[in-house]
Undergrad: 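One structure coming up, written as structure tokens, with questions to follow.
One-based numbering, in listed order, for ligands and for the atoms of each. Predicted, not measured: the structure shown is a model, and the values here were computed from it. FYI, the numbering just counts along the sequence from 1.
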Amino acid sequence: ERDYDFVAIQKKWQAIWEERQPFTVANEGDNRPRKYVMDMFSYPSGDLHMGHAEAFAFGDIVARYWRQQGFQVLHPVGWDSFGLPAENAAIKRGTDPREWTYANIDQQRAAMKAYGVSVDWTREIHTSDPEYYKWNQWLFLKMYEKGLAYRKDSWVNWDPVDQTVLANEQVLADGTSDRSGAVVVKKKLTQWYFKITDYADRLLDDLNQLEGSWPAKVLAMQRNWIGRSVGADVEFSVEGRADRVTVFTTRPDTLYGVTFMVVAPESDLAAELVAGQDDEQIRAEFQTFLTEVQKSSEIERMVADRPKNGVFLGRWATNPLTGDRIPIWAADYVLADYGHGAVMAVPAHDQRDLDFARKYDLPVRVVVDVNAPVTGVIPALELDENGQAILPDDLEPSDPAVTGEALAGEGRLMNSGPFTGLSKANAIKRITEALEASGDGRAAKTYRLRDWLISRQRFWGTPIPIIHGADGTEIPVPEDQLPVVLPSTEGLDLKPKGQSPLGAATSWVEVPDPRDGSPALRDPDTMDTFVDSSWYYLRYLNPNDDTRAFDPAQADKWAPVDQYVGGVEHAILHLLYARFITKVLFDLGYVNFTEPFSALLNQGMVLSGGSKMSKSKGGVNLSDELAEHGVDAIRLTMAFAGPPEDDINWEDVSPAGAAKFLARAFRLAVDVTSSPDAVWADGDQALRRQTHRFLSEAPGLVEAFKFNVVVARLMELVNAIRKVVDSGAGPADPAVREATETVTLALSLFSPYTASEMWERLGYDSDVSAFGWRKADPTLLVETSVTAIIQVNGKVRDRVDVSPKIASDELEALARSSAAVQRAVGDKEIVNVIVRAPRLVNIAVK
Ligand code: ANZ
């Protein structure tokens with residue numbers, strides 16, 4: 001049977017793999033070196049789509065590759081099965097989210113199995129199982145003990161339609177919710193947080209370890225998200241207030257240019273300051289202003305060229321360095337939860353402050369001469385009677401109050417008392433020291449990163465394991481009472497109403513106080529599903545252990561993950577949270593490494609007609625493609641399309657071409673007539689050389705993720721074999737078998753069904769995935785001839801095949817004797833000959 005019947009082949013091997021479970025790995029008793037290859041787990045939306053198909057194809061290439069290289073490879077899958085879509089579907093249908101979720105998982109699991117991913121199915125996890133989320137609760141308790149989980153009142157983004165809190169990145173630039181489209185408002189709520197800000201420095205600094213193994217873009221996005229700023233905290237005393245107000249600045253060198261102070265309108269400080277003065281009108285104006293500000297999102301407020309609005313609070317502060325009296329304003333461009341929610345405004349050198357000052361007619365004072373040279377030898381400046389340096393006229397900077405352009409650049413200080421003449425960098429240092437000496441400030445860092453808001457007012461998530469006593473005490477659920485299992489949805493209204501639906505599950509929420517049995521209430525909120533995915537890579541190690549989240553000894557063996565594969569949409573949050581929780585577990589002594597994922601591959605997107613495919617926009621349907629061309633052809637198409645990080649435009653690739661190639665390769669396996677113990681050495685030498693070159697080069701190419709190059713070489717090799725079969729030594733030649741086996745072994749990474757069938761046709765009775773890669777024979781890698789290029793004045797004139805060992809003078813003589821060269825030289829004079837044996841001769845003529 002020479003027909004390539006992929007439907008029959010898939011059916012046959014699926015049944016075999018289902019029965020043999022060939023990719024199950026044992027935690028004990030196997031001493032091969034280990035690799036942990038992990039795909040980002042899926043949300044169980046029901047079906048596999050093109051994006052999954054691409055990511056799983058790449059992850060599987062890597063997993064199968066390392067297995068073939070003699071490693072014990074852990075390649076698990078699981079389901080990120082808590083979350084809103086299930087809850088919304090349940091609300092729509094009046095069913096339990098469990099039904100929708102687990103039915104989808106069954107469907108999607110079947111699709112993944114059909115896709116031939118080499119997975120250890122005994123380790124499958126579902127985050128919505130109590131056996132899994134119990135350990136989220138355990139983690140929460142550990143963090144609570146360490147002060148890393150806490151509750152606070154804060155202003156949150158509130159979606160009034162979905163009635164739930166939104167993360168910052170769920171609020172679009174126009175201030176609406178990316179989910180419901182509603183205008184997002186700010187609401188003050190008591191919420192649970194994980195204290196990720198305590199880890200900001202480590203999360204930033206440890207990115208250096210990942211340089212080169214994670215995509216540069218992801219590293220940059222992580223760095224930017226953490227957003228460390230280095231500068232100083234400066235204390236300003238406020239008239240009529242006992243405590244000083246602290247501001248964070250990256251530019252302590254500009255302290256002499258501070259002309260006012262601005263506080264965030266929604267901060268407690270603003271409320272307190274405005275309440276502390278008598279002018280009723282100011283208070284009223286402030287209230288109107290505050291209401292206005294709360295309508296806009298934080299992202300909107302940070303847009304640089306947005307008009308800035310503010311009100312004077314009727315209060316005054318004192319500059320600790322100059323003693324100047326400055327007015328205190330509230331303005332929308334200052335955010336409550338960045339730095340200290342208050343800034344010293346330096347309009348001459350900060351554009352936002354300048355825009356504001358020009359709008360409200362506040363003074364502008366230039367204190368950095370941005371024209372002054374900051375490097376090289378600076379001529380000593382003459383000082384005036386006050387000890388201020390006198391600047392030459394031509395260095396006089398332009399006036400920002402007039403131009404509207406803040407002077408943000410490097411320069412030397414002016415109008416800055418004893419600091420005048422210092423370079424900006426030097427002045428930052430010296431002024432910070434002066435502040436430290438006088439107790440008016442200190443060096444400080446600020447981060448853009450905020451604490452991780454983990455509570456959600458929704459049903460389908462991990463219950464937070466806290467009981468609230470009648471006296472307001474938070475009581476952690478004792479560990480031996482975990483898991484706190486979600487109640488049945490029987491009689492519960494899951495519709496969003498601003499409070500968790502769990503609060504209405506009376507028999508669940510009302511519990512005796514563990515201290516004295518008096519009435520108490522469970523916390524009704526559930527955890528952000530990013531908690532589930534922050535440590536799941538560890539659960540795969542002992543997925544059925546009901547005594548602990550994971551076994552540290554197994555973590556020691558397997559983790560961190562050697563290769564993580566998934567979409568760039570998780571470049572920030574998921575990866576940051578997983579990195580954070582790993583560091584927490586390290587600090588708690590459960591793991592001995594601090595980064596969870598040693599290497600990361602982000603696959604590109606599969607596009608159709610240039611746009612991302614989605615349910616709503618349509619595009620190519622994966623199951624149609626699989627039905628038409630077969631699983632292997634689709635997987636091969638993904639690998640052959642280009643570098644895995646690049647997007648694939650489905651119109652530009654050819655699954656039909658891939659299927660044809662597979663059929664061509666398959667027929668070789670059918671045609672081979674020699675037996676598996678044929679002596680290869682007797683075979684066709686040219687084919688053997690090509691085979692061994694491939695054996696030697698393919699591993700490096702796979703490790704560099706150049707899958708497309710490997711496939712291209714495979715195609716060449718298949719063509720070469722076909723030639724020998726049809727018009728050379730014929731199908732009985734041992735080199736044909738050797739080459740076809742090599743093709744099969746390599747193909748097993750990309751197209752496992754076809755490769756398995758080929759391997760069987762070649763006479764082997766166990767699956768190709770159990771065979772190792774063959775080592776190239778070095779004697780077959782030695783080139784017998786190379787092509788030397790002969791140039792005249794840099795222009796190629798001739799090519800000659802020579803021995804790789806040819807001597808320089810021999811090669812030069814050969815070049816000079818070439819007819820083409822002699823024609824090119826003509827009667828010109830040869831002035832120089834450069835010989836780089838064995839590849840190049842360049843003859844220069846005049
Ligand atoms: C005075 C100053 C002078 C500033 C100057 C900058 C330039 P990055 O680099 O993004 O961290 N700032 C501090 N807290 C703020 C808040 N809560 N909302 C809005 N702005 C805030 O920015 C740090 C600078 O942003 C700080 O340094 C402060 O303005 C402002 F020529 O202080 B600067």
Side-chain angles (χ1 to χ4, degrees), residues 154-155 168 197 200 204 223-236 245-270 293 296-304 306 308-310 317 319-322 324 326 328-357 362-370 397 400-401 405-416 419 423-425 427-428 431-432 435 441-450:
S154 64
W155 291 100
N168 282 340
T197 52
L204 195 65
R223 289 192 175 107
N224 190 45
W225 188 260
I226 298 164
R228 179 161 66 195
S229 287
V230 178
D233 281 347
V234 187
E235 310 271 4
F236 284 71
V245 168
T246 311
V247 304
F248 171 74
T249 177
T250 47
R251 296 290 306 274
D253 57 311
T254 61
L255 252 167
Y256 279 74
V258 175
T259 54
F260 55 102
M261 178 189 277
V262 189
V263 300
E266 70 277 46
S267 61
D268 293 344
L269 178 62
V293 168
S296 52
S297 76
E298 193 160 298
I299 293 160
E300 261 184 302
R301 285 169 58 185
M302 279 160 63
V303 171
R306 191 169 180 268
K308 289 156 189 68
N309 300 305
N319 184 327
L321 221 54
T322 62
D324 287 351
I326 53 169
I328 307 178
W329 288 64
D332 53 2
Y333 71 97
V334 173
L335 307 174
D337 51 1
Y338 186 68
H340 303 285
V343 309
M344 54 179 235
V346 186
H349 302 289
D350 181 282
Q351 192 62 47
R352 294 165 304 175
D353 294 342
L354 181 62
D355 295 344
F356 191 77
L362 293 157
V364 178
R365 188 183 305 145
V366 178
V367 292
V368 181
D369 175 6
V370 294
E405 306 268 337
L407 306 169
E410 298 293 316
R412 290 191 172 273
L413 263 57
M414 54 189 280
N415 301 327
S416 293
F419 305 100
S423 69
K424 171 180 154 187
I428 288 176
I431 291 183
T432 305
L435 290 168
R442 68 214 65 88
K445 287 184 273 186
T446 292
Y447 305 84
R448 214 158 285 285
L449 182 69
R450 317 283 165 79

Undergrad: Go through ligand 1 atom by atom and flag the ones less than 4.0 Å from a non-hydrogen atom of V346.
TA: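 Per the distance check, 1 (C), 3 (C).
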Undergrad: Could you check atom 30 (C) of ligand 1 against the protein and tell me its nearest heavy-atom contact, residue, atom and distance included?
TA: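 Ranked first by proximity to atom 30 (C) of ligand 1 is R352 NH2, 3.6 Å.
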Undergrad: Taking only Lys NZ, Arg NE, NH1 and NH2, and the carboxylate oxygens of Asp or Glu, determine whether D253 and K424 approach each other closer than 4.0 Å.
TA: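 No, this pair does not count.
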Undergrad: Report the distance from atom CG of D355 to atom NZ of K308, rounding to the nearest 0.5 Å.
TA: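 Here the interatomic distance stands at 4.5 Å.
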Undergrad: Looking only at distance, does L335 have an N or O less than 3.5 Å from an N or O of ligand 1?
TA: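 Yes.
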Undergrad: Indicate yes or no for a side-chain donor-acceptor contact from H340 to the backbone of V247 under 3.5 Å, with no hydrogens or angles considered.
TA: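 Flag not set: sc H340 to bb V247 has no pair under 3.5 Å.
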Undergrad: Indicate yes or no: does R450 engage D337 in a salt bridge with an N to O separation below 4.0 Å.
TA: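 Salt bridge between R450 and D337, a charged N being under 4.0 Å from a carboxylate O: yes.
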Undergrad: Specify side chain, backbone, both or neither for T254, according to which of its non-hydrogen atoms lie closer than 4.0 Å to ligand 1.
TA: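 T254 to ligand 1: side-chain contact only, backbone stays beyond 4.0 Å.
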Undergrad: Could you check whether R365 pairs with D324 (Lys NZ or Arg NE/NH1/NH2 to Asp/Glu carboxylate O, under 4.0 Å)?
TA: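 Looking at D324 together with R365, the answer is yes, because their closest N to O distance falls below 4.0 Å.
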Undergrad: Return the closest protein heavy atom for atom 28 (C) of ligand 1 as residue, atom name and distance.
TA: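 The closest one turns out to be F248 O, 3.7 Å.
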Undergrad: Of the protein's non-hydrogen atoms, which lies at the shortest distance from atom 9 (O) of ligand 1, and what is that distance?
TA: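 That would be S229 OG, 3.4 Å.
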Undergrad: If the cut-off is 4.0 Å to any non-hydrogen atom of T249, which atoms of ligand 1 fall inside it?
TA: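 This gives 1 (C), 2 (C), 4 (C), 26 (C), 27 (O), 32 (O), 33 (B) as the contact atoms.
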Undergrad: Ignoring angles and geometry beyond distance, decide whether D350 reaches within less than 3.5 Å of ligand 1 through its nitrogen or oxygen atoms.
TA: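 No, there is no polar N/O contact under 3.5 Å.
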Undergrad: Is there a side-chain contact between L362 and P347, using heavy atoms and a 4.5 Å cut-off?
TA: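 No; the side chains remain at least 4.5 Å from each other.
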Undergrad: Report yes if some heavy atom in the side chain of M261 is under 4.5 Å from a heavy atom in the side chain of M344; otherwise report no.
TA: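 They are not in side-chain contact.
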Undergrad: Do the ring planes of F356 and Y333 sit parallel (below 30°), tilted (30 to 60°) or perpendicular (above 60°)?
TA: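 Ring orientation, 0 to 90° scale: tilted.
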Undergrad: In terms of residue, atom name and distance, what is the protein heavy atom nearest to atom 27 (O) of ligand 1?
TA: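 Of the protein heavy atoms, T250 N, 3.0 Å lies nearest.
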Undergrad: For a 4.5 angstrom cut-off between non-hydrogen side-chain atoms, does R223 reach L204?
TA: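 Yes - at least one pair of side-chain heavy atoms lies under 4.5 Å apart.
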Undergrad: Where is the nearest protein heavy atom to atom 19 (C) of ligand 1: which residue, which atom, and how far?
TA: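 Heavy-atom neighbour on the protein nearest atom 19 (C) of ligand 1: Y333 O, 3.4 Å.
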Undergrad: So, for F248 and S229, which heavy atoms are closest and what is the spacing to 0.1 Å?
TA: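 Minimum heavy-atom separation between F248 and S229: CZ-O, 3.6 Å.
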Undergrad: How far is atom 5 (C) of ligand 1 from its nearest protein heavy atom, and which residue and atom name does that atom have?
TA: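 The closest heavy atom on the protein side is R251 CG, 3.5 Å.
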Undergrad: Applying a strict 4.0 Å limit to heavy atoms, is T446 in contact with ligand 1?
TA: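 Per 4.0 Å heavy-atom rule, T446 does not contact ligand 1.
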Undergrad: Tell me, which protein residue and heavy-atom name are nearest atom 21 (C) of ligand 1, and how many Å apart are they?
TA: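 It is V343 CG1, 3.2 Å.
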Undergrad: So, is Y338 polar-close to ligand 1, with some N/O to N/O distance under 3.5 Å?
TA: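 Yes.
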Undergrad: Give the atoms of ligand 1, by number and element, whose distance to some non-hydrogen atom of M344 is under 4.0 Å.
TA: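 Atoms satisfying the 4.0 Å criterion: 1 (C), 32 (O).
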Undergrad: With backbone taken as N, CA, C and O and side chain as the heavy atoms from C-beta onward, which portion of R448 lies under 4.0 Å from ligand 1: side chain, backbone, both, or neither?
TA: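 Answer for R448: side chain.
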Undergrad: Between L449 and W225, is there a side-chain heavy-atom distance shorter than 4.5 Å?
TA: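 Touching, per the 4.5 Å side-chain cut-off.
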Undergrad: Are any of the N or O atoms of H349 closer than 3.5 Å to those of ligand 1?
TA: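 No - when backbone and side-chain N and O of H349 are compared with those of ligand 1, no distance drops under 3.5 Å.
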